[in-house]
Amino acid sequence: MPSGPATPAPRPVLASLPAYRPGRPPAPVAGLTAYKISSNENPYPPLRSVLAVVREAAAGINRYPDMGNTALREALAERLGVGVGQIACGTGSVGVLGQIMTAMCEPGDEVVFAWRSFEAYPIVTALAGARPVPVPLTSGHEHDLPAMLGAITSRTKVVLVCTPNNPTGTFVPDADLRLFLDAVPPHVLVVIDEAYLEFVTHPGAPDSLSIARDFPNVVVLRTFSKAYGLAGLRVGYAVAPEPLAEALRATATPFGVNLLAQAAALASLEAIDELTVRVKDLVAERERVEAALAVQGWRLPASQANFVWFPLGEDTAAFAEVCERRALTVRPYGTDGVRATIGEPEASDRLLEIAARWRAARA
Ligand SMILES: *Cc1c(COP(=O)(O)O)cnc(C)c1O
């Protein structure tokens, strides 16, 4: 018998993964309601109509869910004006992203993405055995598309474009994205991650479905986690050219999108008007927070998402700590900055108080 390690050893790549740091529940502070504004969650409780459907569906959880996500895919296809065959669902859009990597990448292939961007990108890339190629954002916290183009090599299989970008809130303009795609080799898959699409108000933002019609190497990634408030149920989807969507269905965890998630996503599509009102209120709250911060003297990148970005550099950890002491959990990113979700107005008010004092102390 050949001799090997004394214990079963997981792939070495696992040890090199950046640890995913989940948003912690805030530590209690006497006299203050704690708020967690670190995970870009929707602060509204589930809609009654959605909850009712989930409760009813719960009576059937002794059965497997529909593996083909048929009803959900049909509803999405009709709403988006694409073919049912173009839709692939997954356990959150992070799940779909994993399916994309499994479908596209061999060991040694490269995946290009902006950085700083979504924390999951380097993780799903490395898990697939591919090499992450992060490309620094511009000084304006935006995707540097020319530099990303320059990072594409013969090993590049996938390019990830996050618009609006998590955590900076900036978007990639439609015209720039089209020029970029004109120059990307046609065999390289470009994923447009639109987790925050519903919060976008800028007229120059990309019309990704129209782009996907014009460029057959484009996949659009969306989620029910943020605007739809279903983060706890895990359901996202891709709109892709049919052969690719088929590959994404083939690389999905079988029955991954569970019975309750499918029911809730369908019910959410039916309640879209009610959900849109909530999204509008969150956008108005974002604008209130941004305006107040500007009056305080902060110069932050304009956000098109449900969060704001404080590029605090070396002060990142200190700012997050001050927030924590006021029972407000924000998300610090190394020495880059702090991301704060737009949630309950009381949480925003507390953030504004902290931000005002921070500036006053440094004026
Ligand atoms: C939150 C987020 C997602 C979606 O996550 P789910 O797995 O759908 O909950 C995808 N992309 C980005 C950039 C995000 O911030």
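Because the structure is predicted, anything quoted here is derived from the model rather than measured. Just so it is clear, the values below take in all heavy atoms, side chains as well, and ignore hydrogens, waters and symmetry mates. Order of appearance sets the numbers: ligands from 1, and atoms from 1 within every ligand.
The aromatic rings of Trp358 and Phe319 stand perpendicular to each other, their planes meeting at an angle above 60°, with 30° marking the opposite boundary. Using cut-offs of 30° and 60° on the angle between ring planes, the pair Phe199 and Tyr196 is tilted. Ring geometry for Trp298 against Phe310 counts as perpendicular: the plane angle is over 60°, on a 0 to 90° scale with 30° as the lower cut.
Looking only at heavy atoms of the protein, atom 2 (C) of ligand 1 is closest to Lys226 NZ, 2.4 Å. Protein heavy atom nearest atom 9 (O) of ligand 1, with residue, atom name and distance: Ser225 OG, 2.6 Å. Atom 7 (O) of ligand 1 has as its closest protein heavy atom Arg234 NH2, 2.6 Å.
Ligand 1 lies within reach of Asp193, whose nearest heavy atom is under 4.0 Å from it. For the ligand labelled ligand 1, residue Gly236 lies outside the 4.0 Å heavy-atom shell.
Checking only distances, Thr223 does come within under 3.5 Å of ligand 1, N or O to N or O. Between Thr91 and ligand 1, a contact under 3.5 Å exists for no N or O pair.
Under 4.0 angstrom from ligand 1, the non-hydrogen atoms of Tyr196 all belong to its side chain. Proximity of Cys162 to ligand 1, defined as any heavy-atom pair under 4.0 Å, is confined to the side chain (atoms from C-beta onward). Contacts of Val94 with ligand 1, taken as heavy-atom pairs under 4.0 Å, involve both backbone and side chain.
At a threshold of 4.0 Å, the pair Arg278-Asp273 does not count as salt-bridged, since none of the basic side-chain nitrogens sits closer than that to a carboxylate oxygen. In summary, Arg325 and Glu321 engage in a salt bridge, as defined by a charged side-chain N under 4.0 Å from a carboxylate O. Salt bridge Arg350/Glu353: absent, no basic N to carboxylate O contact under 4.0 Å. Note on Lys157 versus Glu106: no salt bridge recorded, every NZ/NE/NH1/NH2 to OD/OE distance being 4.0 Å or above.
Of all atoms in ligand 1, numbered sequentially from 1 with element shown, those under 4.0 Å from a heavy atom of Asn166 are 13 (C), 14 (C), 15 (O). Ligand 1 places these atoms under 4.0 Å from at least one heavy atom of Ala195: 2 (C), 3 (C), 10 (C), 11 (N), 12 (C), 14 (C).
Selection from Gly92, Gly90, Ser93 by nearest heavy atom to atom 5 (O) of ligand 1 gives Ser93.
Remark: Tyr64 OH is loosely packed, at most 12 non-hydrogen atoms of other residues, nucleotides or ligands lying under 6.0 Å away.
Here the CG-CG distance, from Leu328 to Leu32, works out to 9.5 Å after rounding to the nearest 0.5 Å.
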